[in-house]
S.K.: 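Before we start, here is the structure in question, set down as structure tokens.
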Amino acid sequence: MDDHQIWHRRQLLDEAAKGFERNGFSVSLFDDVAQALPFLLQQGESAQTIGFGGSMTLAELGLASRFAAAGKTTLVHGRPGLSAEERRVIMGEQQRCDLFFTSTNAFTLKGHLVNIDATGNRVCAMAFGPRRVIVVAGANKATPDLDSALRRVKEKACPPNARRLNFNTPCAKTGLCSDCNSPDRICRITTIIERNPRATDVHICLINADLGY
Ligand code: SF4
């Protein structure tokens with residue numbers, strides 16, 4: 001990206017940050033990952049149990065392994081080798097952790113979080129359960145409004161996610177959503193968080209970088 005694109009994305013993030021603040025969220029904005037990482041690691045210092053929603057953004061940041069190395073109890077349901085029951089238990093524990101990290105499939109410039117989930121552990125924990133939630137999102141997740149956010153999830157997030165998870169869905173083969181009725185369909189729960197949920201402290205961490213899908 002050249003300086004003009006970086007500048008443009010920063011304008012969009014500034015606008016979204018204002019929207020999130022209007023909607024009752026607290027917000028941090030960083031120019032790159034190197035700037036954001038110390039902040040994110042500091043947020044976990046007072047937490048003992050830290051949960052993680054399934055997210056390529058978080059994987060790219062390596063947050064779970066960094067917190068595990070610092071002695072925290074990390075709740076990662078996507079760890080290799082877990083049985084279905086073990087995954088289910090961890091997803092339940094995520095709902096009661098001290099701090100829950102997640103990304104978002106899209107956010108709008110008006111300060112809304114838009115997500116589509118298959119199981120619901122991620123979107124439930126974003127709204128209620130953990131004491132604190134931190135949503136980490138790259139500038140590539142920014143969209144002008146709710147319609148474009150929902151479109152982004154279907155066009156940009158779901159197909160590569162379905163393929164990454166080796167699901168037998170049309171989008172994992174063609175790259176396009178056909179509103180399928182596949183048993184592997186990942187689009188089962190759609191959420192729009194319009195305001196900071198009443199009983200949860202949700203912090204939005206925006207980073208001027210490409211992160212996740
Ligand atoms: S509805 Fe089916 S085809 Fe469309 S994005 Fe979701 S899983 Fe893929």
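Just so you know, ligand 1 is whichever comes first in the structure, and atom 1 is the first atom listed for that ligand.
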S.K.: Please indicate how many protein N/O/S atoms are found closer than 2.8 Å to atom 4 (Fe) of ligand 1, with waters neither displayed nor included.
M.R.: 1
S.K.: Are Asn105 and Lys156 close enough that a side-chain donor and a side-chain acceptor fall under 3.5 Å?
M.R.: no
S.K.: With heavy-atom distances below 4.5 Å as the criterion, would you say the side chains of His112 and Leu146 are in contact?
M.R.: yes
S.K.: Counting heavy atoms not belonging to Asn166, are there more than 12 under 6.0 Å from its CG?
M.R.: no
S.K.: Less than 6.0 Å separating the ring centroids of Phe101 and His203?
M.R.: no
S.K.: Search all heavy atoms of Leu206 against all heavy atoms of Leu13 and return the closest pair with its distance.
M.R.: CD1-O, 3.8 Å
S.K.: Can you tell me if Gln94 and Arg122 form a side-chain donor-acceptor pair at under 3.5 Å?
M.R.: no
